[in-house]
Amino acid sequence: MMADRLDVVIVGAGFSGMYTLLKCREQGLKVQVIEAGSGVGGTWYWNRYPGARVDIQSLEYSFGFDEKLEQDWRWTERYAPQAELLSYANHVADRFDLKKDICFQTKVTAAHWDAAVDGWNVTLDSGAVIPARFVVMATGCLSVPTDVTFPGIEDYKGTIHRTSRWPHEGVDFSGQRVGIIGTGSSAIQSIPIIAQNAAHLTVFQRTPNYSMPAHNGPIPDSDFQEWLADPRAYRARSRATVGGFWNEARDEAIAIHTAPDEIADELERRWGWGGFRLLSGFADQAIDPQANKIVADFVAAKIREQVKDPKVAELLTPKDHPFGTKRPCVDTGYYATYNRDNVELIDLRANPLEAFTATGIKTTQRRFDFDAVVLATGFDAMTGAIERVDIRGVGGETINEHWAAGPETYLGLMVAGFPNLFLITGPGSPSVLTNMIHSIEQHVEYVASIIASLNASQAGRIEASIEAEQAWTDHCDQTAAMTLLPQSNSWYMGANVPGKPRRFMAYAGGLHTYTDICNAVRGKGWQGFVIARGDQVLSESRVFDSLPPPPENMAPHLMEMAMGRVMNWMQEHGRA
Ligand code: NA7
């Protein structure tokens, strides 16, 4: 069944899909959002596990595009819990009357490019096909759980819950013996709450993660007053940072040149403030392994301080990756939870999980009986939701074929050979390294400006050139190579999904730099893009050369270290 032609189909009704809908409406476009869930909110719709909350302060992790919306909403905590974030998503949807253009409980299964009409045919799981000029993949970076399974799992008679698909009615574990597999952010947030609720909790850990205390609570009055005095300045300050949130980065402070007492004071201050501030105390900690170790050792000491049993503290201390190179976690009482009598930590490296049984889990050394098991085993990040749609571009090439060696995009926004298909916070954009809401606003406003510009010139399509895509992908790879980020087996690298190509998937140059680059690309008449209508090319600028200048104020020894790694990368990839 073929529906009427639309201007835009948006896939996903999380924050990015909702804002894209709003921006498209402003231009009078005919637009429809397709959403698999029965409500808006994306991440905050699905991830309802106990303890789920945002890791960026809510004053910053919220839309800034509408001052009235901003002024009318009051966050109750520094780091809003999932339920409040979902209420906020619904508040935004209702305020702008978005739901009438969202088709819920429906999945997009395919999108095929039709060169004859400069548009896409979008197929839904109902079998309906919607022709549309543009498709916007607002599908989120962490929306598809990995396919992790375990031998014998089908024989298990107890209940299995995934943190990423938590029952809407909640789960009562009282009186139950519960096992949880995984110690990523979802587990680290949920373990303290499940431990309080269950009779007994067994945590199966394969790899420990670094976690920093949230020190959550009411928003400090000083913060709120600062925000209230000038919300525009508050937002502008966040957007002008690497991560899209204010983190007191000290670009001139070099840990290896700082006295130990001074380092300890600075790290203690940041630990006391809470959240991600520990990531940006020293300019060298993300580049120089020696500096990174200073911060890692500080966190290890904090773990030992919080966990009474030294053997358990040792097991909880990461040893296989530099601090900050796997997504660090922000917790409320995680480490202290291991002091409870009803909590046990099992090290899967020493005691591997063999199989599920009818009554629980069997490792090489022990058998465990559980009433319920929680899988907090992660996501097929960044590419999973895009690759699960059968997307075919020019000449029928699939996006999976195009990304066989890892995702390649131009600015994280478009893929060569896939005209009029936009990715919001796609691979190659700063996305998961940033405050997602500020990244989303930047991307959506940028995509809206592309569409407006095409319409103004009566163009039919825009496509990233393969040259620009290659140049941008190289720039992303090289930027990551400057840092320690590619040195861990993280989901940033695709390392958590067997067979997934290894590539650092986010742009590590910072949201501020990325925004400047996007603006330069636009200023040069959409550099790196081919704009056309039918057979007629209207403008063509295949080369991308809007690279950022070398970082200012970077200590010479760090620049040398970073550039040495880039040279190695270039030699390994035949680009030298
Ligand atoms: P993560 O951070 O990917 O964590 C998944 C966890 O599950 C991690 O500890 C994994 O250990 C563990 N895991 C995965 N597969 C297995 C198997 N087969 N056996 C044992 N343990 C396993 O996902 P989260 O949902 O916690 O967080 C995702 C992001 O959401 C987070 O980073 C924030 O951005 C928000 P591993 O490390 O692979 O050894």
Side-chain angles (χ1 to χ4, degrees), residues 14 42-44 46-56 61 79 82 85 140-153 160-166 179-191 194 202-212 214 243 245 275-276 279 315-316 318-321 324-331 334 345-356 361-364 368 373-382 384-385 425 430-437 439 485 488-498 500 505-506:
T43 287
W44 305 110
W46 296 104
N47 288 271
R48 298 169 188 244
Y49 60 82
R53 66 176 69 247
V54 64
D55 284 345
I56 305 267
Y61 187 89
Y79 301 94
Q82 174 271 333
L85 288 153
C141 297
L142 294 156
S143 43
V144 176
T146 50
D147 301 327
V148 172
T149 188
F150 298 90
I153 198 163
I160 293 182
H161 299 292
R162 277 186 181 274
T163 45
S164 52
R165 295 290 178 269
W166 206 256
I180 182 166
I181 301 177
T183 47
S185 181
S186 304
I188 282 178
Q189 290 192 330
S190 58
I191 283 168
I194 298 174
T202 307
V203 179
F204 293 93
Q205 170 184 274
R206 192 162 65 180
T207 318
N209 256 317
Y210 292 100
S211 187
M212 300 160 284
F245 62 100
F276 290 138
L279 287 169
L315 283 180
L316 288 167
K319 301 189 181 66
D320 72 326
H321 64 279
T325 59
K326 268 185 149 180
R327 167 64 154 74
C329 305
V330 176
D331 71 272
Y334 175 63
L345 179 66
I346 300 298
D347 173 17
L348 290 179
R349 301 273 176 203
N351 188 6
L353 194 157
E354 278 190 344
F356 273 65
I361 285 175
K362 188 170 70 163
T363 65
T364 48
F368 301 82
V373 174
V374 176
L375 299 182
T377 42
F379 298 89
D380 185 353
M382 312 288 292
T425 63
S431 58
V432 290
L433 298 177
T434 68
N435 173 355
M436 288 300 284
I437 300 265
S439 273
L485 283 165
S488 78
N489 291 321
S490 63
W491 58 253
Y492 293 144
M493 290 291 292
N496 65 329
V497 176
K500 192 165 173 171
M505 292 187 284

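Start at 1 and go down the list; that is how both ligands and their atoms are numbered.
- Using a cut-off of 4.0 Å between Lys/Arg side-chain N and Asp/Glu carboxylate O, Arg206 and Asp320 are scored as not salt-bridged.
- Geometrically, Arg165 engages Trp46 in a cation-pi contact, judged by NZ or CZ lying under 6.0 Å from the ring centre and within 45° of the ring axis.
- A donor atom on one side chain and an acceptor atom on the other are found under 3.5 Å apart for Thr207 and Arg349.
- Under the 30°/60° scheme for interplanar angles, the aromatic rings of Phe245 and Phe276 are found to be tilted.
- The aromatic rings of Tyr61 and Trp44 sit perpendicular, their planes meeting at an angle over 60°, well past the 30° parallel limit.
- For the pair Gly384 and Val144, the tightest heavy-atom approach, listed with the atom from each and the gap, is C-CG2, 3.9 Å.
- For ligand 1, the 4.0 Å heavy-atom shell takes in Leu142, Val148, Phe150, Ile181, Gly182, Thr183, Gly184, Ser185, Ser186, Arg206, Thr207, Lys326, Arg327, Leu348, Arg349, Ala376, Thr377, Gly378, Phe379, Trp491, ordered by chain and residue number.
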